[in-house]
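The model shown is predicted, which means the values in this text are computed figures rather than measured ones. In what follows, every chain begins at residue 1, and chains take the letters A, B, ... in the order their sequences are listed.
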Amino acid sequence: MTPEGCGLKTYILVWLGLVVLTGVAVSVAGMDLAGWSTAVALIIAFLKSGLILLYFMHLREGGELRFLRWMIPGVLAILFLFTGLTFLDVAFR
Amino acid sequence: MIGGVTGLPDQIVEDVFLFIAAVSVSILVLITFLMIFFTIRYRRKRNPKPEDIRGNLWLEILWTVIPTLLVLSMFYYGWTGFRTFKKVPEGAFTVKVMARQWSWLFEYENGVKTDELIVPVGRPIHLLLTSQDVIHGFYIPAFRVKQDAVPGMVNPLWFQAKDVGAFDVLCAEYCGQQHAYMLTRLKVYPEEEFNRWYEEKGKQFEQEKGLPRGSRLLQEKGCLVCHSLDGTPRIGPTLKGLFGKTVPVITGDRERNVLADEAYLKRSLLEPNTDIVKDFPPIMPSQKGLLTGEEIDELVRYMKEL
Amino acid sequence: MENHRNDGGSKLGMWLFLLSEILLFGGLFILYSVYRFQNPQIFHLAAEALNRPLGVLNTLVLLTSSLTMALSIFFLKKGSPGRSLLFLASTLFLGILFLFNKYLEWTWKVQLGIYPDAPRLLERERGEVLFYGLYYSMTGLHGLHVLVGLGILSVMLFFILKNKINHNHSVPLENTGLYWHLVDIVWIFLFPLFYLIT
Amino acid sequence: MSSFYEDEGRFRGILGWIFSTDHKRIGLLYLLAIFAFSAVGVLLGFLMRLELMAPGPTIMRPQTYNAIFTLHGVIMIFLFVIPGIPAIFGNFFLPIQVGARDVAFPRINLLSWWIYMAGAGLAVLSLFTGGGPVDTGWTFYVPYSLRTPVNVPLAVFAVFILGFSSILTGINFVTTTHQLRAPGMTWFRLPLFVWAIYATAWVQILATPVVGITLLLTLMERLAGVGIFDPLKGGDPILYQHLFWIYSHPAVYIMILPAMGIISEIIPVFAQRTIFGYKAIAFSSLAIAVVGSFVWGHHMFVSGQSDLASIIFSLLTFLVAVPSGVKVFNWVSTLYKGSIEVSPPLLFALTFIFLFSIGGLTGLFQGALATNVHLHDTYWVVGHFHYVIFGGTGFAIFGALHYWFPKMFGRRVGKKIPYLAWALLFVGFNTLYFPMLILGWEGMPRRYYDYLPQFHSLHLVSTVGSWILIAGLILMFGHLIYSLFRGEKERLENPWGGATLEWQIPSPPPRENFAEIPRVERGPYEFR
Ligand code: HEA
Ligand code: HEA
Ligand code: CUA
Ligand SMILES: [Cu+2]
């Protein structure tokens, strides 16, 4: 992992992206999207986390810890399965 | 048995049990036999030169696939049985069951309340279980049925008695100090006898309606599980002669004496843990929200007379 | 045993810790989704009563703090500890600002009589009690993580000053960064789930 | 080369132990602590058996009994079998077996021992403060745990702390396995014990936080009245059970996987031939860890969860039995055409296979929906889990103690007494626990202080079994302790003819294990 991994400019751009996405999330919340607004809010949250993970947390660069890139989706998958199986109960009671 | 299990829940449990037992015992015997046989046959004295065998793909596949099929069949029988458990037959006789620390209360469709479950023989019985405090487990071992009674939920359960008789009802979910004593009886009456009992009780109930009598309340609300009316202490102090007595209690960490007046009695019902009678555990469930104001007055009036 | 320093190992260890953090919050998210599923209407109404502008502000504060954190590491690795310190201090400041806002938000709620076990709260609908139960525990646990993060940031500040970490040995600061970013990510999810329910 | 016992670190005497970051010393610290706690657990088990010897009050009051089975469960689960094998033998041997000088984070390793002790200390403290010892059962089900006046908050907090220790240990082992393998130690040259600990470590990292947060919330609900699970506040007590078992089912694999790892070490050594189906055993560990994470609902078939959930969970439960079976079959096949010497470690390992199979097969009855309705919360379940935990993990620990004793302590264990102790343990065990299975089938609920007269005779048999068992236990440990001080000195590096790395270094090992990091050129079970 070299110090040049990410340039200053990249960092600032990523930050701008995060701010813009926050703005989008807030304005979308004001609109009436029927059942979709939660989904949109969550998608935006995932996009933001993705930016942070890839750039601020350097997952994009890989290197020796490349397999970690699979860990985050892996753990999220586990969490979704936990939630999904719980909902098999809650939603069908 | 192939093609799904049918019959009453207790029969189903036995069938599935036997099936799994047959498979399991065979596997256990096989494994144990091979283990002992190899150990003796290839003991060092007899077989000083071992032979390396790294594995065998076909064997590996075989002992993955066969057990998978076996467990899938176990799952299937378990499931078909479970379907029967969950499908209450039409025309079932419905009884509401209220669990509480540490007694059961059964409420019939005509309003009659009992603390033993009385049902007619040969008819499916449909129970609707709930709890007013913690989780309990309604369990009739003889009929191999069990279902938790959970506060805030109504869980169904059904069974059917083939023969007349009396059976144990136990609490299977741990619910506190007297969990082991949360027992009652299931009494199965012949059809006519049951009908007679049911009508008689129903009439009696109609007559008593409107005049809430203290003694009935004590019974129904489960007070008598912990309190006696004859002067002997049980889980809680006796209620006999309580009114007007000076009671040693622990308030916070302090010990003090209080006069058992009306206010004290009411407080004992609604906030039992503010004053705890000396030498008794702080386990009396608060009756807040469980008794109406009228019922409280009635209880207090009745306790004064004891 | 300092002599077998293993930077890759430290980072792997940190990531594993973060994975377990994800599941720690994950438990709460499971609860949240179930209760929201059971009380959709009430959660909606309760969420409207939260202070959305403050939530937005706090989101921006944390996002910016993530940027300053990343920059601090960037400059440390480049070999300019001075600038690294500056950005680290900004991160620290933004973290404190975040907590201060949270403090304000909580006190306002408490003044309205909405806090766990408050009689005013218990009078309301059950779903609302749950909403605030989750609100207090989730933002509370997150706040606790910010607080711990602030502690670690201060230690890092001290280490840089003492030249204990520098461009040759920057892993502690990088790991702090990983932690701080994760805390930020958690907030990125908390924010829409509490302030933007519609 | 001097052994790690003689090594002079920063401190001497006892401080040289409790502040040592040497993985072997930490392993022994855990051994001592866990031995002490499990002894208390055994004593409590013994007291319960005395109480249950006859119907009616026998030697204690209901409240005492309820506190005792709770404590027994909490100690045995959270202080003994969950940390057990990873913390003792994993710490001691995993670094050696992968060819490293220590774990990846020695100081965190020490920290996790301290956290463990702190958790244990808090658990002890909870007995004497607040409302007294907890009486909720080791599962802390709400709403009972929210209502009972006893000291639930502290006890729950103690378990939370213990979980933290477990996570740190897991992180250490995963990192060590990834980063510190000696040159040539490829993934498929790892001893199966390492594979098992590795799979376990992932479960520790990913499942423990879920119970952590659950317990923390219960704590907050008790202390601050935060509305989460309490039905009076709109909460859903079933949800507590989900979150609790999301961890606590995988936790049973935290208990058994390392034990299976030990068995996979012992059998090939005493058969002096390579293990049958190395990859099948290694991958079945991972399969158990993964699939086992999604079966938790089988503890809740009668709780009122939806039928659909019950059905899916039952299916998954059955699937997770298959990889366990694969292991059993491979072990048995490893005996085929071996050159077998029935030394005490092998005897315990074979007993493990037998008892664990009984335990596992009884699990199948519980996993089937129809039978579970009857068996749930009866002594059948109690029988099941003592067979798997104690017959499984317990006997694996006994085997491991005899197997690694010369390496850990540099002394030999005598030849005859272990067989006698084994006989007592084996007879006692089955006399103690088999009647429980019958009791369960006859409808005896668990956590009962008192019971109906028809259950008397089997309970009596069971109690007698506990005496035999404990006699065997005392004999075995007495003998081990005697050997520790008086046993013949072990001069050989490799008394059993093992092929893994720990047998290539002196007994006991020197401070940093290897004078020179070895280059690995063959698999762990290549004896020739
Ligand atoms: C070490 C701990 C351990 C292990 C390994 C297991 C393993 C298994 N357990 Fe157990 N279990 C517990 C510890 C453990 N359990 C505890 C502590 C409880 C009670 C908790 C409480 O309420 O307090 C419990 C409770 C429990 C329940 C809930 C009972 C109830 O309360 O209603 C169930 C239900 O499905 C269950 C099932 C299983 C199954 C299917 C396995 C399987 O993984 C077993 C697999 C093994 C085998 C099957 C045997 C070997 C295989 C063969 C010989 C091959 C051939 C066989 C075939 C595949 C057909 N267990
Ligand atoms: C590790 C797990 C473990 C072990 C070993 C034991 C050991 C024993 N258990 Fe068990 N038991 C549980 C876990 C365990 N138990 C759990 C989780 C529960 C449920 C609690 C609840 O309901 O909440 C329970 C409940 C339980 C009950 C049911 C209570 C009830 O439902 O009312 C009973 C009844 O007799 C019982 C008896 C015994 C006895 C007599 C022993 C022993 O006395 C037998 C002797 C033990 C040994 C011989 C093994 C000791 C091992 C060592 C000393 C190893 C030393 C270690 C090192 C050297 C590192 N136990
Ligand atoms: Cu009611 Cu146990
Ligand atoms: Cu389980």
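- The structure places CG of D:Leu361 at 6.0 Å from CD1 of B:Ile27, a figure rounded to the nearest 0.5 Å.
- Residues D:Leu369 and B:Phe85 form no side-chain contact, since every pair of their non-hydrogen atoms from C-beta on lies 4.5 Å or further apart.
- Of the residues considered (D:Tyr65, D:Tyr278, D:Phe354, D:Phe318), D:Phe318 shows the highest number of contacts with chain B, using heavy-atom pairs under 4.5 Å.
- Of the two parts of D:Val322, only the side chain, counted from C-beta on, holds a non-hydrogen atom closer than 4.5 Å to a non-hydrogen atom of chain B.
- With a 4.5 angstrom heavy-atom cutoff, B:Leu59 touches chain D only via side-chain atoms.
- Separation of atoms CE (B:Met74) and OG1 (D:Thr317) is listed at 13.0 Å; rounding is to 0.5 Å.
- Among all heavy-atom pairs drawn from D:Pro237 and B:Ile135, the shortest one is CB-CD1, 4.2 Å.
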Derivation and outcome, side chain to side chain contact (heavy atoms under 4.5 Å, CB included), residues D:Tyr144 and B:Asp133 = CA-CA 8 Å; D:Tyr144 184 70; B:Asp133 38 47; over 6 Å; no
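- Interface check for chain B: of the options D:Ala370, D:Gly277, D:Gly443, D:Ser339, the most heavy-atom pairs under 4.5 Å are formed by D:Ser339.
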Start with the C-alpha distance between B:Cys171 and D:Tyr448, add both sets of side-chain angles, then the distance that settles side chain to side chain contact (heavy atoms under 4.5 Å, CB included), and finish with yes or no.
-> CA-CA 10 Å; B:Cys171 177; D:Tyr448 261 32; 4.3 Å; yes
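- D:Ser303 and B:Val150 get closest at one heavy-atom pair: O-CG2, 3.4 Å.
- Of all the listed residues (B:Asp10, B:Asn47, B:Ile36), the one sharing the greatest number of non-hydrogen pairs under 4.5 Å with chain D is B:Asn47.
- Considering only heavy-atom pairs separated by less than 4.5 Å from chain B, the leading option among D:Leu319, D:Asp236, D:Thr362, D:Ile353 is D:Ile353.
- Within 6.0 Å of CZ on B:Arg234 lie more than 12 heavy atoms contributed by other residues, nucleotides or ligands.
- Put simply, the side chain of B:Val16 does not reach to within 4.5 Å of the side chain of D:His374, judged on heavy atoms.
- If you measure heavy-atom distances from B:Leu72 to chain D, the contacts under 4.5 Å come from the side chain alone.
- B:Ile140 does not touch chain D: none of its heavy atoms, backbone or side chain, sits under 4.5 Å away.
- Residue contact with chain D, scored on non-hydrogen atoms closer than 4.5 Å, involves the backbone and the side chain of B:Ser24 alike.
- Ring centroids of B:Tyr174 and D:Tyr141 are separated by 6.0 Å or more, keeping the two rings apart.
- Contact check for B:Glu14 versus D:Trp441: side-chain heavy atoms found under the 4.5 Å cut-off.
- Ring geometry for B:Phe17 versus D:Phe365: interplanar angle of 30 to 60°, hence tilted.
- For B:Met153, the part lying under 4.5 angstrom from a heavy atom of chain D is the side chain only.
- Relative ring orientation between D:Phe276 and B:Trp63 is described as tilted, the plane-to-plane angle lying within the 30° to 60° band.
- Neither the backbone nor the side chain of B:Phe37 comes within less than 4.5 Å of any heavy atom in chain D.
- For chain B, no part of D:Leu146 is nearby; none of its heavy atoms comes within less than 4.5 Å.
- Both the backbone and the side chain of D:Pro143 come within contact range of chain B, with heavy atoms under 4.5 Å apart.
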Mind running side chain to side chain contact (heavy atoms under 4.5 Å, CB included) on B:Glu60 and D:Asn330 for me, showing each step along the way?
-> CA-CA 8 Å; B:Glu60 218 67 70; D:Asn330 279 298; 2.8 Å; yes
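- Judged by distance alone, the side chains of B:Asp52 and D:Tyr525 never bring a donor and an acceptor atom under 3.5 Å apart.
- Between chain B and the options D:Gly235, D:Pro231, D:Gly338, D:Gly367, heavy-atom pairs under 4.5 Å are most frequent for D:Gly338.
- No more than 12 heavy atoms of other residues, nucleotides or ligands sit less than 6.0 Å from atom NZ of D:Lys279.
- Only the side chain of D:Val328 comes within less than 4.5 Å of a heavy atom of chain B; its backbone N, CA, C and O stay farther away.
- No donor-acceptor pair closer than 3.5 Å links the side chain of B:Arg144 to the backbone N or O of D:Val373.
- Under the 4.5 Å side-chain criterion, counting only non-hydrogen atoms from C-beta, D:Ile238 is not in contact with B:Asp148.
- Ring pair B:Tyr42/D:Tyr336 is perpendicular by interplanar angle, where above 60° counts as perpendicular and below 30° as parallel.
- Of the residues considered (B:Pro50, B:Gly55, B:Pro151, B:Pro141), B:Pro50 shows the highest number of contacts with chain D, using heavy-atom pairs under 4.5 Å.
- Heavy-atom distances place the side chain of D:Gln241, and not its backbone, under 4.5 Å from chain B.
- To the nearest 0.5 Å, the span separating OG1 on B:Thr39 from CG on D:Leu335 amounts to 5.0 Å.
- Heavy atoms closer than 4.5 Å to chain B are found in the side chain of D:Val342, but not in its backbone.
- Across all non-hydrogen atoms, the minimal contact from B:Ile20 to D:Ala368 is CD1-CB, 3.6 Å.
- Contacts of D:Ser310 with chain B are made by side-chain atoms alone, with heavy-atom separations under 4.5 Å and no backbone atom involved.
- Contact count against chain D (heavy-atom pairs under 4.5 Å) is highest for B:Ala21 among B:Pro156, B:Ser131, B:Ala21.
- Contacts of D:Leu350 with chain B are made by both backbone and side-chain atoms, with heavy-atom separations under 4.5 Å.
- Counting heavy-atom neighbours within 6.0 Å of D:Phe434 CZ, excluding the residue itself, gives a total of 12 or less.
- Contact of D:Ser314 with chain B is made through backbone and side chain together, with heavy-atom distances under 4.5 Å.
- D:Ala271 touches chain B through its backbone: at least one of N, CA, C or O sits under 4.5 Å from a heavy atom, while the side chain does not.
- B:Lys146 places a side-chain N or O within 3.5 Å of a backbone atom of D:His376 that can act as its donor or acceptor partner.
- Here B:Cys175 is the residue among B:Ala142, B:Cys175, B:Ala149, B:Gly137 with the most heavy-atom pairs under 4.5 Å with chain D.
- Interface remark: of the candidates B:Arg43, B:His179, B:Lys49, B:Gln101, B:His179 forms the most heavy-atom pairs closer than 4.5 Å to chain D.
- Counting heavy-atom pairs closer than 4.5 Å to chain D, the top residue among B:Pro285, B:Ala172, B:Pro281, B:Pro67 is B:Ala172.
- Residues B:Phe82 and D:Phe301 place their aromatic rings such that the two centres sit no closer than 6.0 Å.
- When D:Asp377, D:Val302, D:Thr378 are each tested for a side chain to side chain contact (heavy atoms under 4.5 Å, CB included) with B:Tyr139, only one passes: D:Thr378.
- Residue with the most contacts toward chain B among D:Val326, D:Leu315, D:Leu364: D:Leu315 (heavy-atom pairs, distance under 4.5 Å).
- For the set D:Arg273, D:Glu526, D:Arg147, D:Arg446, the entry with the most heavy-atom pairs within less than 4.5 Å of chain B is D:Arg273.
- At a 4.5 Å heavy-atom cutoff, D:Leu232 makes no contact with chain B through either its backbone or its side chain.
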